[in-house]
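This report concerns only the one structure given below.
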Amino acid sequence: MSQHLKILIADDHPLFRSALLQALGSNYHDAQWFEADSAASLQKILDDDSQLDLIILDLQMPGSHGYSTLIHLRSHYPAIPVVVISAHEDNTTIAKAMHYGSAGFIPKSTTMEALALALEQILQGETWIPPGIDLSSERVSSEGDFASLLADLTPQQYKVLKMFGQGLLNKQIAYDLNVSEATIKAHATAIFRKLNVRNRTQAVIALTALEVHQTLS
């Protein structure tokens with residue numbers, strides 16, 4: 001199963017990435033591994049090579065607003081399965097990750113042996129959640145409507161929206177993306193229209209609703 005696989009680990013903790021690589025190395029010794037420590041570095045890898053076989057995604061990386069990165073990946077890279085790996089293990093977090101298109105949910109407390117078995121199952125086209133988890137009573141709230149709107153953003157519009165979330169001004173965003181302020185204003189207009197909001201503040205508030213901490217009781 002490991003021949004020529006391309007697997008990306010997106011997690012901002014280098015020690016965890018290292019432990020994961022070490023634990024999975026024997027199972028996937030022929031695999032090509034990629035590492036990302038932020039939403040921006042994840043996107044850069046995808047820009048360079050979108051022919052990945054699996055993305056292992058932490059929900060809480062710099063530049064990532066909870067489930068928004070998962071939603072973006074499933075919308076723009078539907079052929080790449082994404083498995084969420086998270087320190088949050090409550091039913092609501094798991095249910096939302098699965099609702100937004102994750103192929104599986106692996107708590108960070110999972111043993112490396114069990115994690116390897118879970119990934120094997122996911123790479124075979126199946127889904128995986130922790131044994132004993134019952135999601136039948138979990139209901140994803142109306143923020144799912146915003147998630148579908150978010151999925152309509154182009155990669156560049158999504159990038160601009162995340163920079164809005166960081167509190168950057170149009171001038172700063174234009175400089176970072178090497179475009180004109182007029183281009184950023186045009187992106188902003190398109191973003192507001194697609195998300196059905198009136199301004200930057202409303203867009204950021206809606207984006208913040210997808211933060212993982214919003215799901216915890």
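Numbers here simply count residues along the sequence, with the first being 1. Quantities reported herein were computed from a predicted structural model and do not represent experimental measurements.
- Hydrophobic clustering (ILVMFWY, side-chain heavy atoms < 4.5 Å, transitive): Met163 and Ile205 are in distinct clusters.
- Note on Asp90 versus Lys96: no salt bridge recorded, every NZ/NE/NH1/NH2 to OD/OE distance being 4.0 Å or above.
- Donor-acceptor pairing under 3.5 Å is recorded for the side chains of Ser109 and Glu89.
- Judged purely by distance below 3.5 Å, without hydrogens or angles, the side chains of Lys159 and Gln43 never pair a donor atom with an acceptor atom.
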- [ ] Could you go through the side-chain hydrogen bond (donor to acceptor under 3.5 Å, both in side chains) check for Lys6 and Gln51 one step at a time?
- [x] CA-CA 8 Å; Lys6 293 183 177 181; Gln51 302 300 311; over 6 Å; no
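- For the side-chain contact (heavy atoms from CB on, under 4.5 Å) with Val160, the lone residue among Thr183, Leu153, Leu177 that qualifies is Leu177.
- By the criterion of side-chain heavy atoms lying less than 4.5 angstrom apart, applied directly or through intervening Ile, Leu, Val, Met, Phe, Trp or Tyr residues, Leu117 is not grouped with Ile85; the two fall into different hydrophobic clusters.
- In terms of heavy-atom proximity, His88 sits nearest to Ser86 at N-OG, 3.0 Å.
- Remark: Glu35 engages Arg17 in a salt bridge, criterion side-chain N to carboxylate O under 4.0 Å.
- A parallel orientation is assigned to the rings of His72 and Tyr158, their planes being inclined by less than 30° (bins at 30° and 60°).
- The cluster map of Ile, Leu, Val, Met, Phe, Trp and Tyr, joined by side-chain heavy atoms under 4.5 Å apart, puts Tyr175 and Val179 in different clusters.
- Counting heavy atoms from C-beta outward, Asp176 and Leu168 have side chains that approach closer than 4.5 Å.
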Task: CA sep, side-chain torsions, deciding dist, call: Ile173, Leu169, side chain to side chain contact (heavy atoms under 4.5 Å, CB included) - done: CA-CA 6 Å; Ile173 297 173; Leu169 302 175; over 6 Å; no
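- Expressed to the nearest 0.5 Å, how far CD of Glu120 lies from CG of Leu123 amounts to 6.5 Å.
- In the displayed structure, His13 atom NE2 is contacted under 6.0 Å by at most 12 heavy atoms of other residues, nucleotides or ligands.
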TODO: Any chance you could lay out the side chain to side chain contact (heavy atoms under 4.5 Å, CB included) test for Leu54 and Ile80, step after step, and finish with the verdict?
DONE: CA-CA 6 Å; Leu54 180 68; Ile80 306 174; 5.8 Å; no
